[in-house]
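Written out below as structure tokens is the structure these notes cover.
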Amino acid sequence: MSQNPTKHTKVLIIGSGPAGYTAAVYAARAMLNPILVYGSEPGGQLTTTTDVENFPGFAEVIQGPWLMDQMKEQAKAVGTEMIEDHISNVNLKTSPFEATGDSGQKYTADSIIISTGAQARWLNLKSEQEFRGFGVSACATCDGFFFKNKEVAVVGGGNAAVEEAIFLTKFASKVKLIHRRDSLRAEKMLQKKLMENKKIEIIWDSVVEDVLGDKDPKNVKGIKIKNVKTNVTHELKLDGVFIAIGHDPATQLFKDQLEMDKEGYLITKADSTETNVPGVFAAGDVKDKIFRQAVTAAGMGCMAALEAEKHLSHS
């Protein structure tokens with residue numbers, strides 16, 4: 001197979017999802033002819049979300065995968081070149097920047113927008129994956145609404161888990177927080193709020209061994225938990241399980257080239273998507289561990305494209 005010649009673009013967008021697709025729409029409309037390279041899961045986390053009720057502009061419930069398809073088609077329609085490839089190597093020290101895909105394709109770019117996203121960490125139980133979207137979730141702000149007057153569990157012990165548990169008490173009749181240790185990692189103020197909430201019960205020293213439920217129609221009926229000190233297992237009847245053991249941003253590729261925090265999220269300037277390398281921008285969950293919403297990711301994608309356009313007109 002003959003090697004494809006290097007592809008050059010003014011704007012290379014790495015990663016899809018709401019941030020990448022929105023960046024592509026804005027960059028294409030600015031006549032920058034962007035190339036967007038997406039991996040094996042185009043659309044990112046939203047493709048594993050079924051009902052989306054909080055994306056502005058849709059009075060009816062829409063489906064996550066459908067929303068991502070629409071964004072992708074819109075980006076294409078205005079002139080984005082879409083390439084399925086996995087970027088395995090980048091060099092941000094050269095001018096133009098260089099990137100190489102698993103396909104062997106080489107890309108050069110005057111600016112780069114990184115929208116590689118993040119993945120929720122899972123417990124990696126077969127049953128958990130089976131019921132994902134059918135009672136098992138990694139996002140309380142996305143799915144809490146579906147558990148009005150129902151009993152749910154949150155798994156984890158950090159800030160995110162405690163925040164999710166407190167948030168879920170708005171909807172659920174009872175929230176059980178399941179933590180594998182006998183103390184929480186969450187900050188003290190949050191712990192105090194948690195302890196004072198009558199709807200929350202903490203189950204210490206315990207891990208989830210299995211998610212239980214019906215196959216048809218698919219829905220969660222409970223979980224099996226094990227006390228790590230006594231090894232005793234028992235079942236809890238529940239309607240939903242929220243996994244809140246953290247996220248991993250997809251930033252391995254940029255190690256030692258871009259500034260990141262200790263969890264690996266890319267650091268950008270205040271009120272900006274620009275990284276510590278001029279001309280390289282980051283948008284969406286790859287740099288945002290606070291909001292993690294489709295609409296905020298899309299907003300950042302817009303910002304990144306506008307900032308890239310400004311950068312290119314000055315350089």
Side-chain angles (χ1 to χ4, degrees), residues 7-87 99 101 103 105 107 109-119 133 139 141-142 250 266 268 272-274 279-288 291-313:
K7 277 184 176 289
H8 180 73
T9 178
K10 292 189 179 93
V11 185
L12 176 65
I13 301 166
I14 305 176
S16 51
Y21 290 146
T22 307
V25 167
Y26 275 82
R29 289 176 55 97
M31 301 299 168
L32 297 172
N33 304 326
I35 291 177
L36 185 151
V37 179
Y38 61 92
S40 54
E41 280 182 35
Q45 295 178 82
L46 258 196
T47 52
T48 60
T49 309
T50 46
D51 294 358
V52 176
E53 292 188 0
N54 56 10
F55 199 84
F58 302 96
E60 303 293 315
V61 181
I62 56 170
Q63 300 299 302
W66 175 84
L67 181 61
M68 288 303 89
D69 277 345
Q70 292 293 307
M71 283 195 191
K72 183 179 184 182
E73 290 309 313
Q74 183 181 12
K76 257 195 203 159
V78 289
T80 304
E81 184 181 349
M82 299 267 176
I83 300 173
E84 183 177 349
D85 195 359
H86 178 262
I87 300 288
S103 64
Q105 177 68 58
Y107 307 87
D110 300 323
S111 69
I112 291 180
I113 295 172
I114 299 163
S115 50
T116 45
Q119 275 105 23
C139 180
T141 31
C142 316
L266 296 178
T268 56
S272 166
T273 62
E274 187 161 41
V280 179
F281 306 88
D285 285 16
V286 75
K287 64 137 285 182
D288 167 29
F291 303 108
R292 292 206 185 98
Q293 299 301 304
V295 64
T296 46
M300 277 182 261
C302 159
M303 288 164 63
L306 295 176
E307 289 190 290
E309 181 188 15
K310 193 173 167 189
H311 170 82
L312 294 167
S313 68

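Note that the numbering runs from 1 along the sequence shown for the chain.
The heavy-atom pair separating A75 from M82 by the smallest distance is CB-CE, 3.6 Å. Listed here is the closest heavy atom pair of A305 and A27: CB-N, 3.8 Å. Scanning all heavy atoms of the two residues, the minimum distance from L312 to S111 falls at CD1-OG, 4.0 Å. Considering all non-hydrogen atoms of both residues, G79 and A28 come closest at C-CB, 4.0 Å. Nearest heavy-atom pair, L36 versus G20, reported as atom, atom and distance to 0.1 Å: CD1-O, 3.5 Å.
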In a table with atom names and distances, give each donor-acceptor pair under 3.5 Å that connects a side chain of residues 11-19 to protein atoms at least two apart or in another chain.
from: S16; atom 1: OG; to: G43; atom 2: N; distance (Å): 2.8

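Rounding to the nearest 0.5 Å gives a distance of 9.0 Å between CD of Q105 and CD1 of I87. Remark: Q70 CD to Q63 CD distance equals 12.5 Å, nearest 0.5 Å. Note that the CD1 atom of I114 and the NZ atom of K287 stand 12.0 Å from one another [nearest 0.5 Å]. Summarising the geometry, atom CE belonging to M300 is positioned 13.0 Å from atom CD1 belonging to I113; distances are rounded to the nearest 0.5 Å. Between the CG atom in N54 and the CD atom in Q293 there is a gap of 5.5 Å [rounded to 0.5 Å]. Once rounded to the nearest 0.5 Å, the distance linking CG of L46 with CD1 of I62 reads 8.5 Å.
The ring-ring contact (aromatic ring centres under 6.0 Å, His included) contacts involving residues 16-48 comprise nothing, where partners must be two or more places apart or lie in separate chains. Applying the salt bridge (charged side-chain N to carboxylate O under 4.0 Å, His left out) definition to pairs two or more places apart or across chains, those involving residues 61-77 are E73-K76. Legend: side chain to side chain donor-acceptor pair (under 3.5 Å) pairs involving residues 77-86, not counting sequence neighbours, sorted by first then second residue: K7-E81, D85-S103, D85-Y107, H86-D102. For residues 39-80, the set of pairs meeting the ring-ring contact (aromatic ring centres under 6.0 Å, His included) definition, not counting sequence neighbours, comprises F58-W66. Applying the salt bridge (charged side-chain N to carboxylate O under 4.0 Å, His left out) test to every pair with at least one member in residues 32-54, sequence neighbours left out, gives no pairs at all. Counting only residues at least two apart or in different chains, side chain to side chain donor-acceptor pair (under 3.5 Å) contacts with residues 297-313 comprise S272-E307, T273-E307.
Scored by the side-chain hydrogen bond (donor to acceptor under 3.5 Å, both in side chains) test, T22 finds no partners at all (sequence neighbours excluded). Here F291 pairs with nothing under the ring-ring contact (aromatic ring centres under 6.0 Å, His included) rule; sequence neighbours left out. C302 is linked by a disulfide (SG to SG under 2.5 Å) to nothing, counting only residues two or more places apart in sequence or in another chain.
Between the side chain of Q45 and the main chain of A118, a donor-acceptor pair closer than 3.5 Å is present.
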